[in-house]
Amino acid sequence: MHALNGGCHCGALRIEAQLTRTPAAYSPRACDCDFCRKHGAAYVSDPHGVLRLHIADEGHLRRYRQGSGIAECLLCGNCGVVVAVTYRHDGKLYATVNAKTIDGPPQFAAEKSISPKTLSPDEKIARWTQGWFAAVELAVD
């Protein structure tokens, strides 16, 4: 496993991710929706990896649904950084993280553009449940 750490600018929301392949094997997905584009977000996930989201101050966690409203963006209400996007299905939490919140120099392959707005809700759900982290823990510290 390859460990990555990161989080928002102020540290209220932290990420611990375990990837099954070297980070260079992942191309962050730059979503072309207005919300992600305006935040400069690009996402990385591993369906066989593990993701822990640590919330140091629950008062700073903001949740935002946009577009189809199926997935939920997790942002820091203090510094404004989009840290992750989650989707809950049949009691299971799936997530992807904003690759730009990972600490250290860029270590991923080149970003690729994706266009979820061209997908139906069922196609989005299939993509998320097959490609996002499936072992996800939200912890309030």
Please tabulate, one pair per line, all N/O donor-acceptor pairs under 3.5 Å involving side-chain atoms of residues 1-15, not counting sequence neighbours.
| from | atom 1 | to | atom 2 | distance (Å) |
| --- | --- | --- | --- | --- |
| H2 | NE2 | T22 | N | 3.4 |
| R14 | NE | G6 | O | 3.3 |
| R14 | NH1 | G6 | O | 3.1 |
| R14 | NH2 | G6 | O | 3.4 |
| R14 | NH2 | D103 | OD2 | 2.9 |

query = In chain order, what residues pass the side chain to side chain contact (heavy atoms under 4.5 Å, CB included) check against D141, with sequence neighbours excluded?
reply = H54, A139

task = Determine, step by step, whether R29 and S113 satisfy the side-chain hydrogen bond (donor to acceptor under 3.5 Å, both in side chains) criterion, reporting the C-alpha distance in whole Å, the side-chain angles of both residues, the deciding distance to 0.1 Å, and the verdict.
result = CA-CA 6 Å; R29 300 171 308 276; S113 182; over 6 Å; no

ask   = What closest approach, in Å, do A17 and L51 show between heavy atoms, and which atom pair accounts for it?
value = CB-CD1, 4.1 Å

request  = Run through the side-chain heavy atoms of Ile, Leu, Val, Met, Phe, Trp and Tyr, join any pair under 4.5 Å, and report what else lands in I114's cluster.
outcome  = none

task = Can you measure from OG (S27) to CD (E111) and round to the nearest 0.5 angstrom?
result = 9.0 Å

key: For G80 against L75, the heavy-atom pair lying closest together   = O-CD2, 4.1 Å

task = Measure the spacing between CG of L93 and OG1 of T86 and express it to the nearest 0.5 Å.
result = 5.5 Å

ask   = According to the ring pair (Phe, Tyr, Trp, His ring centres under 6.0 Å) rule, which pairs have a member within residues 14-37, sequence neighbours left out?
value = F35-H39, F35-Y64

query = Looking at F108 and A99, what are the two nearest heavy atoms and their distance?
reply = CE1-CB, 3.8 Å

request  = Mind checking the NZ-NZ spacing from K124 to K117? Nearest 0.5 Å is all I need.
outcome  = 10.0 Å

ask   = Is there a donor-acceptor pair closer than 3.5 Å between any side-chain N or O of K100 and the backbone N or O of G40?
value = yes

Shortest non-hydrogen separation from D32 to P116 and the atoms involved = OD1-CD, 3.9 Å

key: Contact check, side chains of R21 and L19, non-hydrogen atoms, under 4.5 Å   = no

Got a list of side-chain donor-acceptor pairs under 3.5 Å for residues 125-138, not counting sequence neighbours?
| from | atom 1 | to | atom 2 | distance (Å) |
| --- | --- | --- | --- | --- |
| T129 | OG1 | I125 | O | 2.9 |
| T129 | OG1 | A126 | O | 3.4 |
| E137 | OE1 | R52 | NE | 3.3 |

request  = Quick one: closest heavy-atom pair of G77 and R62, and the distance?
outcome  = CA-CG, 3.5 Å

Side-chain (N98) to main-chain (V82) donor-acceptor, under 3.5 angstrom = yes

ask   = What pairs meet the salt bridge (Lys or Arg N to Asp or Glu O under 4.0 Å) rule with one or both residues in residues 70-98, with sequence neighbours excluded?
value = R63-E72, R65-E72

query = Taking all non-hydrogen atoms of both residues, which atom of S45 and which atom of A95 are closest, and how far apart?
reply = CB-O, 3.9 Å

